[in-house]
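What follows is a set of notes on a single structure, which appears directly below.
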Protein chains: 2
Amino acid sequence: MKAELKQKPQQILDFIKAYRDEHDYPPSLREIGGATGIASTSHVTYYLDQLEEKGYIARDNRISRGIQLLGAAEPFAHAAEEVVSVPYLGYIVASAPISVEPLPGDETVEISRALFGRDTSDLFALTVQGNSMIDALINDGDMVIIRQQERVENGQMAAVWLDDPGETTLKKLYYEGNQVRLQPANPTMEPFYEPAENVRVQGKVVMVIRQMG
Amino acid sequence: MKAELKQKPQQILDFIKAYRDEHDYPPSLREIGGATGIASTSHVTYYLDQLEEKGYIARDNRISRGIQLLGAAEPFAHAAEEVVSVPYLGYIVASAPISVEPLPGDETVEISRALFGRDTSDLFALTVQGNSMIDALINDGDMVIIRQQERVENGQMAAVWLDDPGETTLKKLYYEGNQVRLQPANPTMEPFYEPAENVRVQGKVVMVIRQMG
DNA sequence: ATTATATTGGAACATTTGTTCCATGTCAAG
DNA sequence: CTTGACATGGAACAAATGTTCCAATATAAT
């Protein structure tokens, strides 16, 4: 039974939020009192104790402005959890293996966590250069988000480096004995086969993003 | 000429960030000193003045813990501005026009603003159902982000409703006299033509997002 | 009415915290 | 060697800030 906050405590909570938004640090007891029409600091403490009791805030003893907004209150912490920041590493081209060296200036791409599975580690983003991956329904200029890993499960789309022709490509992989079937994502195109030792998985393709003017 | 921060100031800046992440409020001068091996508060002030000079932080005089992280430093404020929230409206199917009624519970998808042009208004997101748009390099299950508008420029990809067959499709449009050429995004497929009055533009396709397991 | 409980104010006090001023050491330039 | 900018420490001090204790008034319960 989560009782509604009465006016005063609610007012205080709102003020703390607003103050933090403006100053980037929490208010002092006297500032809270001044803004909410409370004359005594002990009176402010009185309400702050209630707010802490009910889990709206946390306080650090004897530390000035030591107030933290919890759960229901904090807007930023929320937003941060709903978005994944994926480092952007430049280009993926057919003629060279993927390089995973971070760019100077650490650019990132933010995308809703909801669009990913639970595992959002080891991700990076690349821009596809060239039309050689059209058979994967991927165009020149598309952005692919890849999870770095050295093997994928049957049927998953992977970025692979083929030793023999010496090129990077994106295909669905099916392990069939000591051969690998590389299946274009475009169902109108035919698969081809490579010996397993010729196929180096660079990562699993997790997402493709195409921007259009 | 943006001079690199020397070790100490950089260390202080990092500490302030970390401390704020953990406590939700900024550290005091003595806490900064303690964490960075500086024995005197005046010494901490010395560096803080430098950081303020260079625009990394702002300080409020005589206010305890009155430190704000600016621009380069603040991760949250940064993220909020760099992300666009696009409302998610459900499905787009070949057999029906697009419906732009918001779903209950207002779901949204957040994506880096950097991936869009400057105009991020009137956007909405839909999930493609069915394989009928494969000629636009779009698969069953892909998400498309569309800007609602009733006409597009030549060569832009649009979501259109064709009165005659009675279906929604995604094509690049070229106005040619009183005909419209509907060009599949997949260059291996042939375009076809429709009389202009049969083509109702529902919106411009701004982005395609494909998620893969 | 009387008692208990919640609300509000005041003020003294102890800490925490920022400021200021002075002193010392280092290191490169003149 | 002297000078001066930079880096560092110390301590005294003033201001800001949280705590604590006491008192007064309301408001509700008995």
Side-chain angles (χ1 to χ4, degrees), chain A residues 1-20 22-70 73, chain B residues 1-20 22-70 73:
Chain A
M1 181 208 70
K2 185 170 178 178
E4 274 305 310
L5 285 180
K6 306 219 181 75
Q7 299 161 6
K8 217 68 181 188
Q10 184 63 57
Q11 194 185 346
I12 290 178
L13 202 53
D14 289 342
F15 171 71
I16 296 176
K17 273 188 240 185
Y19 188 101
R20 279 202 24 142
E22 187 180 341
H23 296 88
D24 259 35
Y25 49 81
S28 68
L29 296 187
R30 285 168 180 83
E31 283 168 338
I32 294 173
T36 56
I38 296 176
S40 167
T41 57
S42 68
H43 189 189
V44 174
T45 302
Y46 173 70
Y47 284 122
L48 251 29
D49 285 344
Q50 290 181 13
L51 285 169
E52 186 165 24
E53 188 84 24
K54 298 193 175 177
Y56 288 93
I57 63 170
R59 292 190 69 203
D60 286 341
N61 274 345
R62 289 166 192 290
I63 287 184
S64 70
R65 301 168 189 271
I67 301 175
Q68 301 169 240
L69 295 173
L70 261 32
Chain B
M1 177 210 70
K2 186 171 178 180
E4 275 305 311
L5 284 180
K6 304 222 182 76
Q7 299 163 6
K8 219 67 182 188
Q10 183 63 56
Q11 193 185 348
I12 290 177
L13 201 54
D14 290 342
F15 172 71
I16 296 175
K17 274 188 237 183
Y19 188 101
R20 280 203 24 145
E22 187 180 341
H23 296 87
D24 259 34
Y25 49 81
S28 69
L29 296 187
R30 286 169 181 80
E31 284 167 336
I32 294 174
T36 56
I38 296 176
S40 169
T41 57
S42 68
H43 190 189
V44 174
T45 303
Y46 173 70
Y47 284 122
L48 252 30
D49 285 345
Q50 291 182 11
L51 285 170
E52 188 166 23
E53 188 83 25
K54 299 194 176 178
Y56 288 93
I57 63 171
R59 293 190 69 202
D60 287 340
N61 274 346
R62 286 165 196 287
I63 286 185
S64 69
R65 299 167 188 275
I67 301 176
Q68 300 169 243
L69 294 174
L70 262 30

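Since the structure is predicted, the reported quantities are computational estimates derived from the model, not experimental observations. Just so we're on the same page: letters track the sequence lines, and every chain starts at 1.
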Residues pairing under salt bridge (Lys or Arg N to Asp or Glu O under 4.0 Å) where one sits in residues 36-49 of chain A, two or more places apart or in two chains, turn out to be none

Side-chain heavy-atom pair B:Y25, A:D60 within 4.5 angstrom cut-off: yes

Both A:I67 and B:I38 contact DNA chain D. Taking the nearest nucleotide for each, which residue is further toward the 5' end? B:I38

5'-most by nearest nucleotide on DNA chain D - A:I63 or B:Y47: B:Y47

Nucleotides 20-22 of chain D: which of its N/O atoms have a protein N/O under 3.5 Å away?
none

With heavy-atom distances below 4.5 Å as the criterion, would you say the side chains of B:Y56 and B:L13 are in contact? yes

Does some side-chain heavy atom of A:L29 sit less than 4.5 Å from a side-chain heavy atom of A:V44? yes

Check: B:R65 and B:E31 side chains under 4.5 Å, non-hydrogen atoms: yes

May I have the distance from A:I12 (atom CD1) to C:dT7 (atom P), rounded to whole angstrom? 11 Å

With a 4.5 Å limit on heavy-atom distance, are the side chains of B:Y47 and B:I38 in contact? yes

Could you state the CD-P distance from B:Q11 to D:dA7, rounded to the nearest angstrom? 14 Å

Counting C-beta onward and ignoring hydrogens, is there a side-chain heavy-atom pair between A:I63 and B:H23 closer than 4.5 Å? no

Any non-hydrogen side-chain atom of B:Q10 less than 4.5 Å from a side-chain atom of B:D14? yes

For the residue pair B:P27 and B:I16, establish whether any side-chain heavy-atom pair is separated by less than 4.5 Å. yes

Between D:dA15 (C1') and A:R65 (CZ): distance, integer Å: 12 Å

Distance check: side-chain N/O of A:N61 vs OP1/OP2 of D:dG18, anything under 4.0 Å? no

Using atom OH of A:Y25 as one end and atom P of C:dT17 as the other, report the distance to the nearest whole Å. 15 Å

Near-strand residues of residues 27-36 of chain B, defined as heavy-atom separation under 4.0 angstrom from DNA chain D: none

Which whole-number value in Å describes the distance from A:I16 CD1 to D:dG18 P? 11 Å

Any side-chain N or O of A:Y46 below 4.0 angstrom from OP1/OP2 of C:dT7? yes

Is there a side-chain contact between A:S64 and the phosphate of C:dT17, meaning an N or O under 4.0 Å from OP1 or OP2? yes

Send over the distance from A:R59 CZ to D:dT17 C1', rounded to a whole Å. 10 Å

How close or far is atom C1' of C:dG25 from atom NE2 of B:H43, stated in whole angstroms? 12 Å

OP1 or OP2 of D:dC6 versus the side-chain N and O atoms of B:Q50: is any pair under 4.0 Å? no

Please state how far atom CG in A:D60 lies from atom P in D:dG18, giving the value in whole angstrom units. 12 Å

